[in-house]
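Take a look at the structure set out below.
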Amino acid sequence: MQVTMIVNGERVTRDVEGRLLLVHFLRDHLALTGTHWGCDTSNCGACAVWLDGEPVKSCTVLAAMAAGHEVRTVEGLEQLGELDPIQRGFMHCHGLQCGFCTPGMLMTTRALLDSNPNPSEQEIREAISGQICRCTGYASIVRSVQWAAAEESGTRTSTVDPASVRSEPRSRERTADRP
Amino acid sequence: MTAAAGGRVTAFVDNDIRPVGRGRMLRKEDPRFIRGRGRFVDDLQLPGMLHLAILRAPIAHGRILSVDITAAEAHPKVKLVVTGVMLAERSLAWMPTLSGDVQAVLATDKVRFQGQEVAFVVAEDRYAARDALELIAVEYEQLPAVVDVRTALDRSAPVIRDDVEGKTDNHCFDWETGDKAATDAAFARADVAVSQEMVYPRVHPAPLETCGAVADYDAVDGTLTVWSTTQAPHAHRTLFAIVAGLPEHKIRVISPDIGGGFGNKVPIYPGYICAIVGSLLTGKPVKWTEDRSENLTSTAFARDYIMHGEIAATRDGKILAIRTNVLADHGAFNGVAAPTKYPAGFFGVFTGSYDIEAAHCAMTAVYTNKAPGGVAYSCSFRITEAVYLVERLVDCLAYELKMDPVELRLRNLIRPEQFPYTTKTGWVYDSGNYEPTLRAALRIADYEALRREQQDRRARGELMGIGVSFFTEAVGAGPRKDMDIMGLAMADGSELRIHPTGTAVLRVSCQTQGQGHETTFAQIVAEEIGIPPADIRVVHGDTDQTPFGLGTYGSRSTPVSGAAAALVARKVREKARLIASAMLEVSVADLVWEKGSFYVAGDPAASVTIRDIAMRAYGDLPDGIEGGLEAQVCYNPENLTNPNGAYICVVDVDPGTAVVTVRRFIAVDDCGVRINPMIVEGQVHGGLTDGVGMALMEMIAFDEDGNCLGGSLMDYLIPTALEVPDWETGFTETPSPHHPIGAKGVGESATVGSPPAVVNAVVDALRPYALRHVDMPLTPSRLWEAMSGNPRPPI
């Protein structure tokens, strides 16, 4: 069957099997290999892309279901040679190690910031709770999103990263905050 | 600090001047990953490439009666179908494992675990290859499966490995360490002896990228290129040469970006061999990518030890001796990737961080109808199991002595003046200063306040627990006299070339899977030779481009390849000194090196930079000085290095649901000199998450027929962002005395040290229930049973 959709702003048309998954359509037919496949069961979120502005797991969406819709992948985050603040946040705060979950994490957290420009730590954790990262332990991903949020709202006044290596002083603050 | 604008990675200024251990140099790897331009094996598309899928055994133990591939071969998109019998005709049906056993590439006689490889299909696309698997008809005679490791050696147990001539039982190996007589004597005169059986269940590394390969055989010139998910490309090349009988100089193994390894990508898997055979037979590039279930059910698992531990002490808490009997489940084939002399890996460090009088371990390993493997999941060759054993035993002892577990540890930690410390099982710990590390963790946690809070909460009927662990790692294998895999010694090559314009390429044998080698190795060389890290490119993961070495596992990259990088830079610097002496017309003895320049002693104005020297190295040089500015070394470590750390975990257990919440986790690590503190912290964070996962939720379970119950991420649970806290880290720094820059390695420290801290915390929370031990995984249902007075081992 023939499917037509907008991918990262470009109109694409391909002949595909009806059963073809969107993740394989993107990877094998469009060579957009930034979207990864990791589990089969919608648990890991390495395949997260946007469908009409909403994050979806492309391993559980048929290419045919995306026909007539707009898809955005990690390759579409950088605009006119400018990285999206969320991409810069992940670099600045060590929000990635092996890089395999990163595209999915970026798409989900970009969507989070679009709907909630100043998310709390808990809101960030909930937003990425449908995704697995085996490397970072998530704390630095949380910091990366906070970095991007501050960058976008212009509240990051200092050039020093909020995420600079923390140990004792920060722990004391945490203890004090605790009920 | 310079801001990174528009995605341009800018090294911080202080990283150029003092590249090691300062600031947060951003990673060189990140610009490609954040753009979705990583290069993972499955991303590769070659002209004419075919796709391979593997048919796997649906049962755990059974004789293959027939395999009918006619219908599969008739599929219009299928190019090739191969069975075990067809491989046997080419002597390819069996391959050596990394521990001297053999493993079936495709089963010929029997299947020995559920998920074992039985046949493969090569087709035009990945969907067609999967379709054709459905068309293969295999008839099995089902045999009783050996699932319970405790009865695997019974006379009545069916023999799994009847492929081995004369094999009449499921015995895999026995192993012993320590001094039995001395240990028994210490126990005999101890005031207190505590024994505890504990299970470290089978878990799985489950890297987010599954295993896979693209094999491309060029029949004209006889070259084979294999892109594969391997943590050890050079070792794999040698093994491919042995298995496939191809000349090694015509094999090139490329390990591109790897989506996490954690030990899962050390062994050779049948899928790699199938892809090679597929390409040999079709003459086309062949891609194999396993799915998640294949990864979880057939590739290297970890742990699976039943440990009976005993600890002896005086009444006032001086630990005298530790002994243990271990029953190890090695699955259907012994696929452990441990050094040859160490069938139980480095489990011998089970005496932990304590100065004791005697220790003994006796281990029996058996075959079962489960997937092969054994050493994986960031365990530093079984140190995870060893540290869990000793740290749980110490807590059990504290429980019996009614002593605070911190106080008990402080009384027994090896003292700084005792280093280098030889343990009672013969390991030499290179350096350590344990007490300040433990005290730093206590300070960050505010331990006293936590204990007071716990008392208040207990009075209100709440279950709050505080768990402490102190671990000593042993990482950076070799030395080569002690450590090899299949005769390949654990020493690492490194090569450095400085180009005429003063930029450099470093080639290393190890392979990053997210550890950031492209960044940290550039920092090491920058520190030694004065070229900014941004001007140093690190090449790795390609056997044609890099010198030989044993790869990245057991936290060995920084201790071994990192040392090689520092030493090769020093070797180049000595060559540069010769050239500088010619340029400045003074003797080499009169030259002083200072961060990127040589100057004449007493006349600092007379100086040349490494950049000046590089250009001259390729220009006119005096007679007797060889041109070029490059060197190669092969570093053979003198000893292992011993990172260590103190971890404190704070949990709340819901008395109504038995759900555990990890409220806080404090980790103070001493990994010697830290090259890139940001990356070190990230390594610790990841390992802590692994540890919480293993303690609370991860387990590969089997039913009584040997069906794997953890075959998807819906069944095999991995922590998400909601199950782990914001980590609180701290660091102390005791350099390794024998590593050229004092680094020790850190990749697995947190995975090793955190599980006992979590379990100790949960058991501490359950003090009102008078439980001394509960086995992992501490799932709500298992914990509920324990709280109801019925604690059960998971197997």
Side-chain angles (χ1 to χ4, degrees), chain A residues 17 19-20 24 27 31-41 43-44 46 73-75 78 81-83 87-88 90-92 94 96-103 106 121 125-126 128-129 131-142 159-161 164-168 170-171 174-175, chain B residues 1 3-4 6-7 9 24 26-27 29-38 40 42-43 45 126-127 206-210 257-260 262 291-293 443-444 446 449 513-516 666 677-679 681-682 685-686 688-689 712-714 718 720-722 724 726-731:
Chain A
E17 286 187 71
R19 62 176 175 169
L20 183 71
H24 289 140
R27 291 179 55 78
L32 292 172
T33 53
T35 302
H36 296 145
W37 168 92
C39 76
D40 299 316
T41 47
N43 290 93
C44 81
T73 70
V74 66
E75 288 91 345
E78 188 177 8
E82 280 292 311
L83 286 177
Q87 292 173 300
R88 289 160 52 205
F90 270 66
M91 270 205 305
H92 265 272
H94 196 27
L96 66 148
Q97 290 181 25
C98 79
F100 200 78
C101 76
T102 312
L106 288 171
E121 175 182 341
R125 286 181 180 271
E126 281 168 15
I128 60 172
S129 65
Q131 282 164 288
I132 289 170
C133 170
R134 260 328 224 172
C135 300
T136 64
Y138 304 106
S140 58
I141 294 180
V142 172
T159 52
V160 176
D161 278 316
S164 60
V165 177
R166 307 169 300 180
S167 60
E168 297 187 43
R170 193 186 136 271
S171 311
R174 277 182 54 95
T175 314
Chain B
M1 187 186 108
V9 173
R24 290 168 59 83
L26 299 190
R27 299 203 321 164
E29 291 89 342
D30 291 353
R32 63 179 185 267
F33 290 132
I34 52 137
R35 289 174 169 87
R37 289 179 60 185
F40 297 94
D42 192 65
D43 297 345
Q45 302 219 29
R126 50 175 118 213
Y127 286 37
L208 207 49
E209 176 205 34
T210 59
D257 287 324
I258 300 297
F262 316 110
D291 66 24
R292 178 55 60 189
S293 292
R443 199 166 55 244
I444 296 173
D446 200 345
Q513 310 122 41
Q515 297 93 334
I666 297 94
M678 175 186 84
I679 287 178
E681 190 194 34
H685 284 186
L688 295 175
T689 308
S712 80
L713 293 185
M714 299 176 85
I718 288 172
T720 72
L722 292 176
V724 290
D726 192 5
W727 312 108
E728 302 171 52
T729 55
F731 294 92

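In what follows, chains carry the letters A, B, and so on, assigned in the order in which the sequence lines appear, proteins first and then strands, with residues in each chain numbered from 1.
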For [X] and [Y], indicate whether the former's side chain and the latter's backbone hold a donor-acceptor pair under 3.5 Å.
X	Y	answer
Glu78(A)	Ile34(B)	no
Arg292(B)	Gly38(A)	yes
Arg134(A)	Pro207(B)	no
Trp727(B)	Ala139(A)	no

Test log, rule side chain to side chain contact (heavy atoms under 4.5 Å, CB included), inputs Cys98(A) and Leu208(B):
CA-CA 9 Å; Cys98(A) 79; Leu208(B) 207 49; 5.6 Å; no
[X] vs [Y] side-chain heavy atoms within contact, under 4.5 Å:
X	Y	answer
Tyr127(B)	Leu20(A)	yes
Gln97(A)	Ile679(B)	no
Arg125(A)	Asp726(B)	yes
Thr136(A)	His685(B)	no
Arg37(B)	Val74(A)	no

For [X], is it the side chain, the backbone, both, or neither that has a heavy atom closer than 4.5 Å to a heavy atom of chain B?
X	result
Ser129(A)	both
Glu126(A)	both
Leu96(A)	both
Ile141(A)	neither

[atom1] of [X] to [atom2] of [Y]: how many Å apart, nearest 0.5 Å?
X	Y	atom1	atom2	answer
Gln131(A)	Thr720(B)	CD	OG1	10.5 Å
Ser140(A)	Met678(B)	OG	CE	9.0 Å
Asn43(A)	Leu713(B)	CG	CG	5.5 Å

Top contributor to chain B interface from Gly99(A), Cys133(A), Pro103(A), Ala31(A) [non-hydrogen pairs under 4.5 Å]:
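Greatest number of close heavy-atom pairs with chain B: Gly99(A).
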Could you look at [X] and say if it's the side chain, the backbone, both or neither that has a heavy atom under 4.5 Å from chain A?
X	answer
Arg126(B)	side chain
Ile258(B)	backbone
Asp257(B)	neither
Thr689(B)	side chain
Ala206(B)	both
Glu29(B)	neither

Where [X] and [Y] come nearest, the two heavy atoms and their spacing:
X	Y	answer
Ser293(B)	Asp40(A)	N-OD2, 4.2 Å
Val724(B)	Tyr138(A)	CG2-CD1, 3.7 Å
Gln87(A)	Arg35(B)	NE2-CA, 4.0 Å

Can you list the residues that meet the ring pair (Phe, Tyr, Trp, His ring centres under 6.0 Å) rule with Phe40(B), with sequence neighbours excluded?
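Testing Phe40(B) for ring pair (Phe, Tyr, Trp, His ring centres under 6.0 Å), a comparison that skips the adjacent residues, returns His36(A), Phe100(A), Phe33(B).
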